[in-house]
There are 4 protein chains.
Amino acid sequence: MPGKTRSTAVATTAPAQPRTPKPRADALRNRERIVTAAREMFVEFGPDVPLDEVARRAGVGNATLYRNFPDRAALVHEVVLAVTSRTTDRAEEATAEEADPFAALTRFVHAAADERIGALCPMLSGGFDKDHPELLAERRRLEEAVEGLVARAMSAGRLRTDIAVGDVLVALSQLTRPLPGIACPNIDRFTHRHIQLFLDGLEAPARSVLPGTAATLEDLRRRA
Amino acid sequence: MPGKTRSTAVATTAPAQPRTPKPRADALRNRERIVTAAREMFVEFGPDVPLDEVARRAGVGNATLYRNFPDRAALVHEVVLAVTSRTTDRAEEATAEEADPFAALTRFVHAAADERIGALCPMLSGGFDKDHPELLAERRRLEEAVEGLVARAMSAGRLRTDIAVGDVLVALSQLTRPLPGIACPNIDRFTHRHIQLFLDGLEAPARSVLPGTAATLEDLRRRA
Amino acid sequence: MPGKTRSTAVATTAPAQPRTPKPRADALRNRERIVTAAREMFVEFGPDVPLDEVARRAGVGNATLYRNFPDRAALVHEVVLAVTSRTTDRAEEATAEEADPFAALTRFVHAAADERIGALCPMLSGGFDKDHPELLAERRRLEEAVEGLVARAMSAGRLRTDIAVGDVLVALSQLTRPLPGIACPNIDRFTHRHIQLFLDGLEAPARSVLPGTAATLEDLRRRA
Amino acid sequence: MPGKTRSTAVATTAPAQPRTPKPRADALRNRERIVTAAREMFVEFGPDVPLDEVARRAGVGNATLYRNFPDRAALVHEVVLAVTSRTTDRAEEATAEEADPFAALTRFVHAAADERIGALCPMLSGGFDKDHPELLAERRRLEEAVEGLVARAMSAGRLRTDIAVGDVLVALSQLTRPLPGIACPNIDRFTHRHIQLFLDGLEAPARSVLPGTAATLEDLRRRA
DNA sequence: CATGAATGAGTGTTCATTCAT
DNA sequence: AATGAATGAACACTCATTCAT
């Protein structure tokens, strides 16, 4: 069921709240522009970009940004949510549209790179709540989707069996992680190569014995 | 000839220099402590740590740090140099001490991870001179050493032939790149797994056709 | 046409500029207060006063100062512009209102002292662009005005002919130059005496042969 | 009796002090070099030059400077003393060697400019004791010498009678005051012209009525 | 509701002065 | 006695966040 992209975060707690009269069209557009600008700039310059710059790129005043996201953590939260959601969409698409299980995994991995999943890494640093329920839910949705891809590929005997979804997602994130201040087009030239090499290493039969133990996404959260 | 670690930049090679009277023991020790502290903290918190914190960790006043390194760029420069040098040493050790070519490469890659080669990535962002002659020389030394490892493994038919030294070093750096604000021991639990998966993907015979073209270290420099 | 005081640099000449929406009243007032405070403090303590102190005297936060003037040079620039402009106004007033040519020059010279023209001297030292077009234009306006005063006095045979406008302005600036850290009222007690002595020396007929050659304002700029 | 230059400040209180064994030749030379360097750099860059730079120009370590002059005030004190003393020497020379009283005054004034008497102005700002007995004595010596020049020129009817020694010295100092950061040779091209104009204004008969009252050097001290 | 302006706290860097060799 | 190194306090400037229009 692909394409089930999350809607705005604040909107949906109770649908029948008379005190939030009307989310005014342009206000929503502003909010969206801010998130988009933030995602781009976090990718390009790291998660420490001056928020005033984000506001400028979004074409709004800085105070508008702060009205929508009370502090940097809130904005990071939203961007993480958005990237996770879009990545999950890619996983679901790959699941739905690729017949071959390993081809599905491969397609997802490269698509996730294009979604800048690597940008999540540096964003997880700062003091923002990685255990926020909303985030947890989204992460679980992602994990489930990728879990499906992994399980199917394993069942088909195409994937080595000593790895888990956490391994895929962490390595993938690291390999696609942007270098702050570096224009992205250039780095892409290499990342898809490296992702592919990594995929080749994931393929069955295993060519080595891996140290440590396979990782889930929750392991990752606990790492912090 | 392993272990040829670079000594400090200022250290006089010729003892008979009348104009550099005496490099005073404690001053050198201080300089060394600063570089060490900086390396640790750059790895742990990223290259934007307050220099005052670095000074505190090194146990010196902030001005002492500035006496030795006029600005942040100079300190980053020195740390990059140090990490590069130590990594090269590991490459030379592996070359000298491992008979099997692929085992040598494997040993080097894991050793480089322990040297935190990934810490170089975020350090390359800021405004510091990536083309400094000293750095260039050291980078060339590293490239040559790894080039040797790669060539030998290829000749032995153990390494796929559509990759180059740049692919190894970039992917390696990315995979071992620290998450700012995250204690390292935890991350290590995973990185060596992922490095190994990547190595498995490098092994001959190639399991896929790679997109793009193989990369040298100079390609990387030019990416910026 | 006296009294044509320069207005603020940003002030829009054409009222129909859609992209500079509204110069907000209080912001302009703040800007003006900063310039005034800076002028006073530069005169009193020299051009090296902590900008935080200037901000405090202006009754604004330091960041407000930096918002209006990105660095010290920008603030100096504005103050130099203001002092030059006000001095020019005095010259034009004297020209317009005094019938006797030498009386006009005399009046201007004493008025320029009261405008603290001497404060310009120390401000010309630091690294700020003395050739900025805006400054150049204003300096030319001043030079022209004083040139008029000098020429008229010379034509009337009241001024010795071996001097030029640069001599007047430089000597005047030097004689009225403030002593950093000294309250101004005291120094005034003497400066007008010395200015007068200098004027007496300027009067025709010349009582000596001057060394060197007469100076224009551009000579002065080139001195730096 | 010209040439009676003051000897070093600290040396001569009592010649037979057993606890100050021997002022070691090189130590004295160092002290002298420091004062000379300081005089030059105060003139060239103002009295705020980093003392480390002064030490470097003097060719000694910074600590040597601090051994001789416990703080900046002490160094300024010494330089003021030296300049005052040398200026006095010029006054005494002019008195002794010039027959014509006004020629003597003229010669002195130009000579004082060459001694950079103007450098005293900015040095009087900082927190240093202008009433130090040593300084007071030297200032009195200068005042007496110039008083003599002025009195003689007045008696001869060559000097207007509504001025005093303070007027001469203050205006002279101001007119020859260096612009920090500006090479001196250039400024000289103008100063001697302006001094001459001022002298012409001093000449009898007076061409105007001066405001305020004539000033002594002690008036100047009190200004602060 | 949206904005530009204001703010204070934080960081990089310099310098006068003291300390250890 | 002389030196290079060390230090903390000061200042310039930036940025997240709040306020007034």
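Just so you know, these numbers use all the heavy atoms, side chains as well, and skip hydrogens, waters and symmetry mates. Keep in mind that what you see is a predicted model, and the values were worked out from it rather than measured. To find a chain, count down the sequence lines: A is the first, B the second, and so on, and within it residues start at 1.
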Participant: Less than 3.5 Å apart, which donor and acceptor atoms pair up between the side chains of residues 48-56 of chain C and the rest of the protein, not counting sequence neighbours?
Facilitator:
none

Participant: Pair B:D129, B:H77 - check side-chain contact (heavy atoms from CB on, under 4.5 Å), show working.
Facilitator: CA-CA 8 Å; B:D129 184 12; B:H77 175 88; over 6 Å; no
Participant: C:D48 has an atom CG; how far is it from atom P of F:dC13, in whole Å?
Facilitator: 12 Å
Participant: Measure from CG on B:N62 to C1' on F:dA9 and round the result to the nearest Å.
Facilitator: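 Taking atom C1' of F:dA9 as the reference, CG of B:N62 is at 9 Å.
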Participant: Rounded to the Å, how far apart are D:R29 CZ and F:dA1 P?
Facilitator: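 It is 16 Å, rounded to the nearest whole Å.
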Participant: Nearest heavy-atom pair of D:P47 and D:P122: which atoms, and what distance?
Facilitator: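 Closest approach of D:P47 to D:P122, heavy atoms only: CG-O, 3.4 Å.
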Participant: Can you sort out which residues in residues 52-61 of chain D have a heavy atom within less than 4.0 Å of DNA chain E? Ascending by number, please.
Facilitator: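 Residues of residues 52-61 of chain D that come under 4.0 Å of DNA chain E are, in numerical order, D:D52.
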Participant: Can you name the side chain to side chain contact (heavy atoms under 4.5 Å, CB included) partners of B:A74, sequence neighbours left out?
Facilitator: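 So B:A74 forms a side chain to side chain contact (heavy atoms under 4.5 Å, CB included) with B:F69, B:P70, B:D71.
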Participant: Between E:dA5 atom C1' and C:R33 atom CZ, what is the distance in whole Å?
Facilitator: 14 Å
Participant: Where does DNA chain F form stems of at least three consecutive Watson-Crick or G-U wobble pairs, each pair having both distances below 3.5 Å?
Facilitator: E:2-21 with F:2-21
Participant: Between B:L51 and C:A63, who's closer to the 5' end of DNA chain E by nearest nucleotide?
Facilitator: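 By nearest-heavy-atom nucleotide position, the 5'-most residue is C:A63.
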Participant: Please identify each residue that fulfils salt bridge (Lys or Arg N to Asp or Glu O under 4.0 Å) with B:R67, with sequence neighbours left out.
Facilitator: none
Participant: Might you point out which heavy atoms bring B:V43 and B:A119 nearest each other, and give the distance in Å?
Facilitator: CG2-CB, 3.3 Å
Participant: Looking at C:R39 and C:V79, would you say the former's side chain and the latter's main chain have a donor-acceptor pair under 3.5 Å?
Facilitator: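 Not at all, since once roles are kept as given, no pair shorter than 3.5 Å links the two residues.
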Participant: Report yes if the side chains of A:D131 and A:L135 come closer than 4.5 Å at any heavy-atom pair, otherwise no.
Facilitator: no
Participant: Round to the nearest Å and state the distance from A:M41 atom CE to F:dA16 atom P.
Facilitator: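 Taking CE of A:M41 and P of F:dA16, I get 11 Å after rounding.
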Participant: What's the shortest heavy-atom distance between A:A82 and A:V35, and which atoms?
Facilitator: CB-CG1, 4.4 Å
Participant: Have a look at C:N30 and say if it touches a base, only the backbone sugar-phosphate, or nothing, with a 4.0 Å heavy-atom cut-off.
Facilitator: sugar-phosphate
Participant: Got a sec, which residues hit salt bridge (Lys or Arg N to Asp or Glu O under 4.0 Å) with A:R57, two or more places apart in sequence or on another chain?
Facilitator: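 A:R57 satisfies salt bridge (Lys or Arg N to Asp or Glu O under 4.0 Å) with A:E40, A:E44 once adjacent residues are dropped.
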Participant: Keeping the roles fixed (side chain from B:T64, backbone from B:V60), state whether a donor-acceptor pair exists under 3.5 Å.
Facilitator: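 Flag not set: sc B:T64 to bb B:V60 has no pair under 3.5 Å.
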Participant: What residues in residues 64-75 of chain C put a non-hydrogen atom under 4.0 Å from any atom of DNA chain E?
Facilitator: C:T64, C:R67
Participant: Whole angstrom is fine here: how far is it from CD1 in A:I34 over to C1' in E:dA2?
Facilitator: 11 Å
